There are 2 protein chains.
Amino acid sequence: MGRRSETMLENRAKLIAAARVAFARDGFAAASMDDLTAAAGLTRGALYHNFGDKKGLLAAVVAQIDGEIAAHAHAAGEAHPDPWQGMLVEGAAYIRMALTPEVQRIVLLDGPAFLGDPSQWPSQNACLDATRHKIAELVAAGVMRPVDIDAAARLLSGAALNAALWVAANPDPQDALPKAIEVFTHLASGLKVGG
Amino acid sequence: MGRRSETMLENRAKLIAAARVAFARDGFAAASMDDLTAAAGLTRGALYHNFGDKKGLLAAVVAQIDGEIAAHAHAAGEAHPDPWQGMLVEGAAYIRMALTPEVQRIVLLDGPAFLGDPSQWPSQNACLDATRHKIAELVAAGVMRPVDIDAAARLLSGAALNAALWVAANPDPQDALPKAIEVFTHLASGLKVGG
DNA sequence: AGATATGACATACGCTTCGTATGTCAACAT
DNA sequence: ATGTTGACATACGAAGCGTATGTCATATCT
């Protein structure tokens, strides 16, 4: 079964790759499954066999992108020695990545609209999870106030998310980005002990 | 033309009312225009004549709900003498209203996904605008740091928005709500002068 | 007042799309 | 060699959106 599994995974990857392009360009609702699969050199048959339905493909795409974001943001934050600075850097990295149309359209807009609340996605939302761990560390170290971990992660994540949406919709994104990061930094400082 | 305009406005109101129910229950994408208009005692003809297309109806619905939210939140905040406390109360009111499925599904999820960024909606997003004015006041009064008004409004609004989504998806919303409000209050304090 | 024009819908139609049901063919199993 | 299964492709039916056309009351013009 070696050869068959290989092509199977290759076709799954092809479909996900084509879906990332189509969903980012047209949005999930307007994207055609016929066009999407044809662009991958397949038909809808492969799609329903591999992902069940249209939303199943979206879930797979979201999981893949989400994982990539979390990995990048985590790497950026891990580099810093000071944990608090690390969290801020991670947040800024999150904002910058959320500026790409692919991330914005698929993960931030269509994802919640068609798959429901991100905190209950099958992919468990790697981004949210990474933020939660970071916050738990900071609270345990006495750097952050003893607030509810889940709530803090979600609100910080939400602030970063909307920061990215605001920057992207801005006429001058290059000018808006540092302003957004500045506000984000101030907001986060409200959670710091003695801050 | 008196009589005709009256029925025209009545029919518009009927369609918007039916759309609020249908969009909240099924989501914008899955809502059927045939069923929706039939529930209002009309047909799709009335819909395309009054609103242009399906998204036009969504825009009208979003504008109506958004206006109601802004009015309520503004009234809640206006009652407080201390401007800073007023902003916090307004934010908390915003979070509570965003807990209703109608607001959440239509304004917070489907709105951004199908109409684009809220800061550029035709309705100008009354909520965001009210928050901006409040923040401008606080900055002018020297209570809030001199941050970018638009950015601060958008991030605070985003935090409140995600707070509501998190609370609503929580197994125990009654327990989660105060936690979310607490975190929101801490975050906001990061924007306070000397806070 | 009679004819005409316009506005506010309803009805009919075509096109696209999704999901499923069925068909096909290679790769195993026995 | 034959049956079975997996991985797709093809065919089909149903639903939905937008538009084109029809209809009727009401305003307008002469």
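These numbers were taken from a predicted model, which means no experiment stands behind them.
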>> So Ala30(A), base contact, sugar-phosphate only, or nothing? Heavy-atom distance under 4.0 Å.
In response: nothing

> Using a cut-off of less than 4.0 Å, is there contact between a side-chain N or O of Thr43(B) and OP1 or OP2 of dC9(C)?
Replying inline: no

> Once you round it to whole Å, what is the distance between P of dG7(C) and CE of Met8(B)?
Replying inline: 11 Å

>> In this structure, how many angstroms lie between the P atom of dG6(D) and the CG atom of Asn50(A), rounded?
In response: 14 Å

> Where the side chain of Tyr48(A) is defined as all heavy atoms beyond and including C-beta, which of dC18(C), dC17(D), dC9(C) is the nearest nucleotide?
Replying inline: dC18(C)

>> For dC8(D) and Asn11(A) - does any side-chain N or O of the residue sit under 4.0 Å from the phosphate oxygens OP1/OP2?
In response: yes

>> Whole angstroms only, please: what is the CG-P distance between Leu42(A) and dC8(D)?
In response: 7 Å

> Once you round it to whole Å, what is the distance between P of dT20(C) and CG of Leu47(A)?
Replying inline: 13 Å

> Linking I/L/V/M/F/W/Y whenever any side-chain heavy atoms sit under 4.5 Å apart, do Leu161(A) and Trp166(B) land together?
Replying inline: no

>> Ignoring hydrogens and geometry beyond distance, is a side-chain donor-acceptor pair present between Ser32(A) and Asp34(A) at under 3.5 Å?
In response: no

> For Ala31(B), which contact category applies under a 4.0 Å heavy-atom criterion: base, sugar-phosphate, or nothing?
Replying inline: sugar-phosphate

>> Without decimals, in angstroms, what is the distance between Arg44(B) CZ and dC13(C) C1'?
In response: 11 Å

> dG18(D) P sits how many Å from Asp34(B) CG, rounded?
Replying inline: 11 Å

>> Whole angstroms only, please: what is the NE2-P distance between His49(A) and dG19(C)?
In response: 17 Å

> Glu10(B) has an atom CD; how far is it from atom C1' of dG7(C), in whole Å?
Replying inline: 17 Å

> With a cut-off of under 6.0 Å to the ring centre and 45° to the axis, is Lys54(A) in cation-pi contact with Phe28(A)?
Replying inline: yes

> Quick one: are Asn11(A) and Leu42(A) in side-chain contact, heavy atoms under 4.5 Å?
Replying inline: yes

